[in-house]
2 protein chains.
Amino acid sequence: MSTQERKERERASRHRLIVSAARELAETEGWDAVTTRRLADRIEYSQPVLYSHFRKKDEIVGAVALEGFAELTEAVRRAVPTGPASRAAAAALANAYVAFAERNPTIYDAMFSLSAGLPFADPATPAPLREAFEALLDTLGDVAGPVEPGLFVEVFWAALHGLVTLTRAGRLPPEHNAQRLDVLVDRLVDR
Amino acid sequence: MSTQERKERERASRHRLIVSAARELAETEGWDAVTTRRLADRIEYSQPVLYSHFRKKDEIVGAVALEGFAELTEAVRRAVPTGPASRAAAAALANAYVAFAERNPTIYDAMFSLSAGLPFADPATPAPLREAFEALLDTLGDVAGPVEPGLFVEVFWAALHGLVTLTRAGRLPPEHNAQRLDVLVDRLVDR
DNA sequence: TCGAATGTCTAGCAGTGCTAGACTCGCCTT
DNA sequence: AAGGCGAGTCTAGCACTGCTAGACATTCGA
């Protein structure tokens, strides 16, 4: 039995290696550089090995995206103080969200633009995605006012996401980003 | 001189043919089906002809995107009654925007997701893009309240765009779309 | 020690965007 | 009206993509 366990450990470790290599390659040279050949090169295995871990290349991107959701959750949780949520907490969350996207543009792309391979399976959505949403819900739910908290969080999240993507696409001048965020929070939060 | 004019006319007509063929192909089979080979086939010319009109394939997508911006402008203008803008006008605009995106998902993708080849040249942005923004400004500027109208429109637009993209990506359950839009307009519009 | 099964690699397929160079045709000049 | 030149087009091909069948080791259990 021991040898089988060892093999599984090694396999899991190679799995992680693939994901982190893909991420690093994407972060340094962009997603276009993440081809199956170059990725196989990096991990010092041949292409078919990738396909023994993932069914399609998209699934590798999806795995990186899941990492991103976990990190986004952490960043958001760290930014807002625990305790009763307020307008200030919502503002801190919004800032943290946008900052994360600006700090990790490549991962953010994987999370939203290249999401074709994200395991969107039956038991709702994958855990990290759900947890990210819950992190938002925990602080934004309290400032939802009369509307259903879940719905409010969806709207708030969508607005943040729109701001991020339009800015990143060069459609919004980046210099007034902070002001835009201010307006958004000011208006959305129940007064 | 006449023959040269005729040639230019024919050339311009073929230019339009390429763009409309690309759009039709994309709308019926998705952007993945729009390859230079299949597109060349459709217009009954060879691939190099495409490249005598556009430098890269992205530019063809960009041309379709520009059409989309023009149509979006029209849809928005048609939806809001002329005259003093109000909360109702803003709601009508928001509905028209989202409806356009739902009615033309393929073109919307060209406008925002596949925007690599959009002529983003020096004199600010291309005309149709500017005009679309102005259409939003005309009705939303009046409900901006104390904040600078341009900035407000950017925020409003980003929020709409975020709602559209997250819904389309399957991240938001589509059934509560109308409610989300209601909340968004309710909160953003100055009261 | 041998047979089988697990694992990995080489080589290749069908497709992509894009282009160099051959060719043909229509136009202008003599 | 005949000829040559240039513009316009096409064929063929390059370098690359994601993905996979089949050959080859290598390791394991009997």
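A, B, ... follow the sequence lines: proteins, then strands. Residue 1 opens every chain. Just so it is clear, the values below take in all heavy atoms, side chains as well, and ignore hydrogens, waters and symmetry mates.
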Between C1' on C:dT8 and CD1 on A:Ile18, what's the gap in Å once rounded to a whole number? 13 Å
Rounded to whole Å, how long is the line connecting atom NZ of A:Lys57 with atom P of C:dT16? 16 Å
Distance-only, no hydrogens or angles: does the B:Arg171 side chain make a donor-acceptor pair with backbone N or O of B:Leu166 under 3.5 Å? no
When rounded to whole Å, the OH to C1' distance for the pair B:Tyr51 and C:dG21 reads 18 Å
Rounding to an integer number of Å, can you tell me how far B:Leu50 CG sits from D:dC10 P? 10 Å
Stacked cation flag A:Arg168 on A:Tyr108, 6.0 angstrom / 45 deg: no
Can you spot which of A:Met111, A:Arg23, A:Glu24 makes a side chain to side chain contact (heavy atoms under 4.5 Å, CB included) with A:Val64? A:Arg23
Without decimals, in angstroms, what is the distance between A:Glu10 CD and C:dT6 C1'? 13 Å
Using the side-chain heavy atoms of A:Pro48, tell me which of these nucleotides is nearest: D:dC19, D:dT9, C:dT10. C:dT10
When rounded to whole Å, the CZ to P distance for the pair A:Arg11 and C:dT6 reads 13 Å
Can you confirm whether more than 12 heavy atoms, excluding those of A:Glu10, are under 6.0 Å from its CD atom? yes
Note: contacts of residues 29-47 of chain A with DNA chain D (heavy atom, under 4.0 Å) are A:Val34, A:Thr35, A:Thr36, A:Arg37, A:Gln47
In this structure, which one of B:Phe100, B:Phe112, B:Phe133 forms a ring-ring contact (aromatic ring centres under 6.0 Å, His included) with B:Phe69? B:Phe112
Would you say a side-chain N or O of B:Arg14 is under 4.0 Å from OP1 or OP2 of D:dT9? yes
Could you go through the side chain to side chain donor-acceptor pair (under 3.5 Å) check for A:Thr106 and A:Glu27 one step at a time? CA-CA 6 Å; A:Thr106 308; A:Glu27 280 177 334; 5.8 Å; no
For the pair made of CG in A:Leu114 and C1' in D:dT17, what is the distance, rounded to whole Å? 16 Å
